[in-house]
Number of protein chains: 2
Amino acid sequence: MASTLEVLAEPSRRRILDLLLSGERPVGDLVEGSAMSQPSVSKHLRVLREAGLVEVRQDAQRRIYRVRPEPLRDLDEWLAPYRRLWASRLGALEQHLEAMPDDDPDLRR
Amino acid sequence: MASTLEVLAEPSRRRILDLLLSGERPVGDLVEGSAMSQPSVSKHLRVLREAGLVEVRQDAQRRIYRVRPEPLRDLDEWLAPYRRLWASRLGALEQHLEAMPDDDPDLRR
DNA sequence: CACGCATATAACCTGTCTGGCATACTCAGG
DNA sequence: CCTGAGTATGCCAGACAGGTTATATGCGTG
C-alpha cells in the first residue's frame, strides 16, 4: 500500500478529496466534478480507500464516499518539527535584513 | 516544477529533509546519512531546491544545504480544512458508540 | 597551472503509474 | 429472470521517475 504522501501526490486524488470536503458524495458526482472517466475515478478511490483516506457506504447500487481524515493527522505530526522551523525563522529574518531575493511566487500547494 | 506534495512523496527526499532538520549539512553528510549514491542525492537536492524546500550556500568546494520551510506552510494550510474534520469527528465518535472496527495500525506517514 | 576533492550533470535502463476502453459485477424494479 | 443504472476491474499503451555509471564542472592548494 502507498504512503499517505504518495497517495496525496496525485492531483486528481487531491481533487477528489477536496470534493469530498463538502460532504459525502456518490461516485457519479465525483466523476462530474473531476472531469475524468468513471473508471479512473474508481481507481483513485480505491487507492484512497486503501490508504484509509476515504471510506464507502453502500446505497442501493450507489457507493457513497466520504473523507476519513485520520491519516492526515500523521502528516500533521510529521510536519510538526518543520513548523517550529518556520516559526523561529520569522525571528531570523530580522538578521537577514532585506537582502534576500523574493520567494518564488510559483509555488504550488 | 513539481508540487510540494509530489516532492515530499519520495521517501529519499523526506529522509534528506529529516537529516537537514538538525541543521545545515554539506552534500557528503547527506550521502552518508541516506545510504544512496552521491549522484542520486544531488538529483534529489535539485528537486528539493526547485521546490523551494531547501537552499544552498557555497563553502569552497562544498555546498551546504539547509531546510527552507516556507512551502510546508502552504501544505499546512491545505491541511487546515481536514484538520477541522478530524476535530469534529472526535465528537461524532460518541454517536458511533464502539461499533467501529479498529483503525488499520499499518498506516504509514 | 596541474591536481584532487566535492558536487553536479548526462546518458541510459527499468519499473511503476495513470489514463482509456472494454467488460464484469451488483442491485432494484418490473 | 431480465434489464438498466451505477460502479469496479482487466488489460494495454504511453509517460515519467529513480537508480546507476561515467563524466563534467568549480574551487583551493602546492
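Residue Arg15(B) contributes atom CZ, which lies 18 Å from atom C1' of dG19(D) at whole-angstrom precision. A straight line from CZ of Arg49(A) to P of dA8(D) spans 6 Å, rounded to a whole angstrom. For Met1(B) and dC16(D), the CE to C1' distance is 18 Å, given to the nearest whole Å. Atom pair Gln58(A):CD and dC25(C):P shows a separation of 16 Å (rounding to whole Å applied). Asp59(A) has its CG atom 13 Å from the C1' atom of dA5(D), to the nearest Å. As rounded to whole Å, 14 Å separates atom P of dG4(D) from atom CD of Gln61(A). The CD atom of Glu6(A) sits 10 Å away from the P atom of dG18(D) (whole-angstrom rounding). Straight-line distance from the CD1 atom of Ile16(A) to the P atom of dA8(D): 11 Å, rounded to whole Å.
Between Arg25(A) and Leu19(A), the shortest heavy-atom distance links the atoms NE-O, 4.2 Å. The two atoms that bring Leu75(A) and Leu8(A) nearest to each other are CD2-CD1, 3.8 Å, heavy atoms only. Nearest heavy-atom pair across Leu45(A) and Val54(A) is O-CG2, 4.0 Å. Contact detail for Met1(B) and Ala51(B): the closest heavy-atom pair is SD-CA, 3.7 Å. In plain terms, the two heavy atoms of Pro69(B) and Tyr82(A) that are nearest each other are CB-O, 4.0 Å.
In summary, of the residues considered (Arg57(A), Arg68(A), Arg62(A)), a salt bridge (charged side-chain N to carboxylate O under 4.0 Å, His left out) with Glu24(A) occurs for Arg57(A) alone.
Within the 4.0 Å cut-off from OP1 or OP2 of dA8(C), at least one side-chain nitrogen or oxygen of Tyr65(B) is found. The phosphate of dA28(C) (OP1 or OP2) has no side-chain N or O of Arg62(A) nearer than 4.0 angstrom.
Within 6.0 Å of the CZ atom in Arg46(A), the count of heavy atoms belonging to other residues, nucleotides or ligands does not exceed 12.
Considering only side-chain atoms of Arg63(A), the nucleotide from dT7(D), dT18(C), dC27(C) that sits closest is dT7(D).
DNA chain C is contacted by Gln38(B), Pro39(B), Ser42(B), Lys43(B), Arg46(B) of residues 35-48 of chain B, taking any non-hydrogen atom closer than 4.0 Å.
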